[in-house]
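For reference, the structure is listed below as structure tokens.
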Amino acid sequence: MTSPSDSSPGTGTAATHGTEPRGAPLDGSMAAVANMGWQILLTTGLAAIALGVLVLAWPQETLRVVGVLFGIYLLVIGVFQLAAAFGTHVPGHLRALHFLTGGLSVLLGLICFRGTLQSILLLALWIGFSWLLRGTMVTATAASAPHTPARGWMLFTGIIGMLAGIVLIVAPIASIGALTLVAGIMAIVLGLIEVFHAIRMRIEVGRLAPGTPAERRPLFRSQPHPQH
């Protein structure tokens with residue numbers, strides 16, 4: 001004869017072991033994933049700190065490398081644009097636009113390889129016009145839609161973007177130098193934050209590490225067959 005406590009749902013061995021309490025030890029696979037996670041986070045944090053230190057220690061060399069990468073980017077974009085101009089899927093009225101933008105990108109990319117000053121100048125103008133265009137679009141959108149959510153924040157960010165773009169266009173060399181220093185400081189700050197989170201994650205993984213096999217109980221305890 002079974003007692004109510006044996007047959008009622010929510011009680012018994014299966015119900016007791018079916019739910020895992022908060023802060024329960026991690027199993028083997030989850031512990032491996034968590035251990036890999038804090039190691040990756042620590043590595044990226046240290047890499048960000050090292051990058052920030054290099055940027056602050058050698059800003060001119062950093063700008064030279066960035067200028068070369070920007071030239072390679074323009075060359076690759078230009079080649080793809082030229083290839084797209086001769087594609088069969090491009091309408092006829094857009095072929096001239098693709099060809100013009102592709103040729104201009106290739107030309108600007110080649111100019112970047114002529115010297116550091118040219119590449120930095122083009123990079124600053126590229127970023128400045130992008131920020132000015134985006135800030136203008138965001139400001140116009142927020143001004144034309146009074147019921148837009150977070151309209152004040154959109155206006156603020158749009159105006160800041162416009163001003164930053166104008167500053168980069170007016171004084172490109174000095175602005176890109178200041179932007180490089182800010183990027184180096186931000187890389188160090190973000191790297192320190194990631195290292196801190198990695199240490200916290202390592203402590204948490206160590207606290208939730210699985211114990212010995214004798215200390216861990218199975219989720220479902222096997223019951224002998226009634227015939228036996």
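Every value quoted in this text rests on a predicted model; they were computed, and no experiment measured them. Index from 1, following the sequence.
- For the pair Thr180 (side chain) and Pro59 (backbone), a donor-acceptor distance under 3.5 Å is absent.
- The ring pair (Phe, Tyr, Trp, His ring centres under 6.0 Å) analysis of residues 151-197, with sequence neighbours excluded, yields the pairs Trp153-Phe156.
- Annotation: side chain of Leu75 is in contact with side chain of Val106 (closest heavy-atom distance under 4.5 Å).
- Contact of the Ile72 side chain with the Phe113 side chain is registered, since non-hydrogen atoms from C-beta on lie closer than 4.5 Å.
- Between Pro172 and Leu121 the shortest heavy-atom distance is CG-CD1, 3.3 Å.
- Transitive grouping of hydrophobic side chains (ILVMFWY, heavy atoms separated by less than 4.5 Å) brings Leu82 and Val76 into a common cluster.
- Taking CD1 of Ile120 as the start and OG of Ser175 as the end, the distance is 12.0 Å to the nearest 0.5 Å.
- Val79 and Leu108 fall into different hydrophobic clusters, where Ile, Leu, Val, Met, Phe, Trp and Tyr side chains are chained together by heavy-atom contacts under 4.5 Å.
- Annotation for Val138: hydrophobic cluster partners, listed by chain and number, are Met154 (ILVMFWY side-chain heavy atoms under 4.5 Å, direct or chained).
- Summarising the geometry, atom CE belonging to Met137 is positioned 11.0 Å from atom OG1 belonging to Thr139; distances are rounded to the nearest 0.5 Å.
- Between Leu181 and Leu56 the shortest side-chain heavy-atom distance falls below 4.5 Å.
- In this structure, CD1 in Ile111 is found 6.0 Å from CG in Leu122, a value given to the nearest 0.5 Å.
- Val195 and Ile185 fall within a single hydrophobic cluster, where Ile, Leu, Val, Met, Phe, Trp and Tyr are joined by side-chain heavy atoms under 4.5 Å apart, directly or via other members.
- Contact record, Glu194 with Leu41: O-CG, 3.6 Å, taken as the closest heavy-atom pair.
- Considering CG of Leu51 and OG1 of Thr62, their distance stands at 7.5 Å, rounded to 0.5 Å.
- Taking OG1 from Thr136 and CE from Met162, the interatomic distance works out to 4.0 Å, rounded to the nearest 0.5 Å.
- No side-chain heavy atom of Leu168 sits less than 4.5 Å from a side-chain heavy atom of Leu125.
- For Gly78 against Ser105, the heavy-atom pair with the smallest separation is CA-CB, 3.6 Å.
- Of all the heavy atoms in Cys112 and Leu74, the pair that sits closest is SG-CD1, 4.1 Å.
- Val167 and Phe129 sit in two unconnected hydrophobic clusters of ILVMFWY residues. Membership requires side-chain heavy atoms under 4.5 Å apart, directly or through other members.
- Residues Ser119 and Phe70 fail the side-chain proximity criterion, which asks for heavy atoms closer than 4.5 Å.
- Distance check, rounded to the nearest 0.5 Å: CD1 of Ile169 to CD1 of Ile166 gives 7.0 Å.
- Val68 and Val55 fall into different hydrophobic clusters, where Ile, Leu, Val, Met, Phe, Trp and Tyr residues are linked whenever their side-chain heavy atoms come under 4.5 Å apart, directly or through other members.
- For the pair Ile127 and Ile176, the minimum side-chain heavy-atom distance is below 4.5 Å.
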